[in-house]
Amino acid sequence: MFSQLTLWLSPLFGLMSSGALALLGIVLWRGELCAGQHSRISQHLASVWIFAALALLLAGSRDAAIGLLVSGALAVFGGLALSVMQSRLEGKRSLPSLWWWAPGLPLAVFALQLATLQGWGLALSQALLLGAVLAHLILLRARHRLQAFNLLLPLLGLLGAMLGLLWLAVLILRAADTAHLATLAPWVIGYCLVLLVGLLTWFSPLLLRRDSAPVVASSSMVLLLLSQCMASWLFGLI
């Protein structure tokens, strides 16, 4: 199981970065942001490109298709170049939001190619779940004031988790080898428990009526990544 960790992390990082960029792009484009918030969020978009770069490196280490590597490289180099440009702007200045479409489009192509390898049902749930938690972490690190997103992003992540569980149930019902499925029952339970702990950690500020903090979102992200590694392994066996 653990020998395939790089095989699982490449699509997870790619789907997470593309999902987060899509959500943050909506925030930057349509959100009512002051100049300071816009600048801080734009600066922290570098995290998206770091995860995309990790996905690209891991894909390259397992001899991925040339088209996948080209689209990933265009996204990573374009995104990092814009991040460097953003970091050199003084004060509360920031790059126009539409500029991020330039690396965003090849990143979307990169994510779509990863989704074909991962399976569309699982890929959609992981892009929603992991993209939402990374976007939330970036907003918290940027000290955003969009309080509604402290609720909307966890709810979007919950939707992604539910889609993943629903797709897992569909595959289990369609499987013919019940004896094989019985051997996977402990792993299914373990996956559900890790996923539940990650979601509860993420929702804990809402449940306890406290302010969300980056440490909570980062802890949730680690747990949710672990749960999705388990999901990738399970979906590959069913």
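Basis for what follows: all heavy atoms, side chains included, without hydrogens, waters or symmetry-related copies.
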Quick check for you: to the nearest 0.5 Å, what is the distance between [X] atom [atom1] and [Y] atom [atom2]?
X	Y	atom1	atom2	answer
Leu9	Leu54	CG	CG	9.0 Å
Leu128	Leu153	CG	CG	11.0 Å
Phe110	Leu56	CZ	CG	5.5 Å
Leu156	Leu23	CG	CG	5.5 Å
Leu155	Met162	CG	CE	10.5 Å
Leu159	Leu152	CG	CG	12.0 Å

Are [Y] and [X] connected into the same hydrophobic cluster when the rule is that any two of I, L, V, M, F, W, Y join if their side-chain heavy atoms are below 4.5 Å apart?
X	Y	result
Leu225	Leu124	yes
Leu223	Trp187	no
Leu107	Leu112	no
Phe203	Val194	yes
Ile172	Trp233	yes

* To do: Check step by step if side chain to side chain contact (heavy atoms under 4.5 Å, CB included) holds for Leu24 and Leu139.
  => CA-CA 8 Å; Leu24 293 171; Leu139 288 178; 3.8 Å; yes
Taking the side chain as every heavy atom from C-beta outward, state whether [X] and [Y] have any pair of such atoms under 4.5 Å apart.
X	Y	answer
Leu226	Val222	no
Leu234	Leu171	no
Cys34	Lys92	no
Leu134	Ile138	yes

* Is the backbone of Leu68 close enough, under 3.5 Å, to the side chain of Ser71 for a donor and an acceptor to pair up by distance? ->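 Answer holds: yes.
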* Asked: Under the 3.5 angstrom rule, does the side chain of Ser39 hit a backbone N or O of Ser94 as a donor-acceptor pair?
  ->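 Looks like no, no N/O pair under 3.5 Å.
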How far apart are the closest heavy atoms of [X] and [Y], and which atoms are they?
X	Y	result
Ser17	Gly14	OG-O, 2.9 Å
Met230	Gly190	CE-C, 3.5 Å
Leu69	Ala64	CD1-O, 3.9 Å
Gly78	Pro103	C-CB, 3.8 Å
Ser97	Leu28	OG-O, 3.3 Å
Val48	Leu21	CG1-CB, 4.0 Å

Listed by chain and number, what are the side-chain contact (heavy atoms from CB on, under 4.5 Å) partners of [X], not counting sequence neighbours?
X	value
Ala102	none
Leu200	Leu196, Leu207
Ile26	none
Ser125	Leu122, Leu163

* Asked: Which residues pass the side-chain hydrogen bond (donor to acceptor under 3.5 Å, both in side chains) test with Arg40, sequence neighbours left out?
  ->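 By the side-chain hydrogen bond (donor to acceptor under 3.5 Å, both in side chains) rule, Arg40 matches no residue at all.
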* **Residues in side-chain hydrogen bond (donor to acceptor under 3.5 Å, both in side chains) contact with Gln147, at least two apart in sequence or another chain** =>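 Listed in chain order: Asn150.
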So which pairs with a foot in [range] pass side chain to side chain donor-acceptor pair (under 3.5 Å), sequence neighbours left out?
range	result
residues 191-207	His136-Trp202
residues 209-228	Gln126-Gln228
residues 153-163	none

* **Exceeds 12 heavy-atom contacts within 6.0 angstrom, atom CZ of Phe77** =>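 At most 12 heavy atoms, drawn from other residues, nucleotides or ligands, come within 6.0 Å of this atom.
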* Asked: For atom CH2 of Trp120, is the number of surrounding heavy atoms from other residues, nucleotides or ligands below 6.0 Å larger than 12?
  ->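 Yes - once you tally the heavy atoms of other residues, nucleotides and ligands closer than 6.0 Å, there are more than 12.
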* Leu15/Leu130 under side chain to side chain contact (heavy atoms under 4.5 Å, CB included): CA gap, chis, key distance, verdict -> CA-CA 8 Å; Leu15 293 168; Leu130 299 177; 6.0 Å; no
* Asked: Please, which pairs that meet ring-ring contact (aromatic ring centres under 6.0 Å, His included) have at least one residue in residues 14-34, sequence neighbours excluded?
  ->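 Found none.
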Report, one line per pair, each donor and acceptor closer than 3.5 Å where one atom sits in a side chain of residues 79-88; sequence neighbours left out.
unit_1 : atom_1 : unit_2 : atom_2 : d
Ser83  : OG     : Gly79  : O      : 3.0
Gln86  : OE1    : Leu95  : N      : 2.9
Gln86  : NE2    : Arg93  : O      : 3.2
Ser87  : OG     : Val84  : O      : 2.6

* Contacts of Phe13 that satisfy ring pair (Phe, Tyr, Trp, His ring centres under 6.0 Å) - sequence neighbours left out ->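 Partners of Phe13 under the ring pair (Phe, Tyr, Trp, His ring centres under 6.0 Å) test: Phe51.
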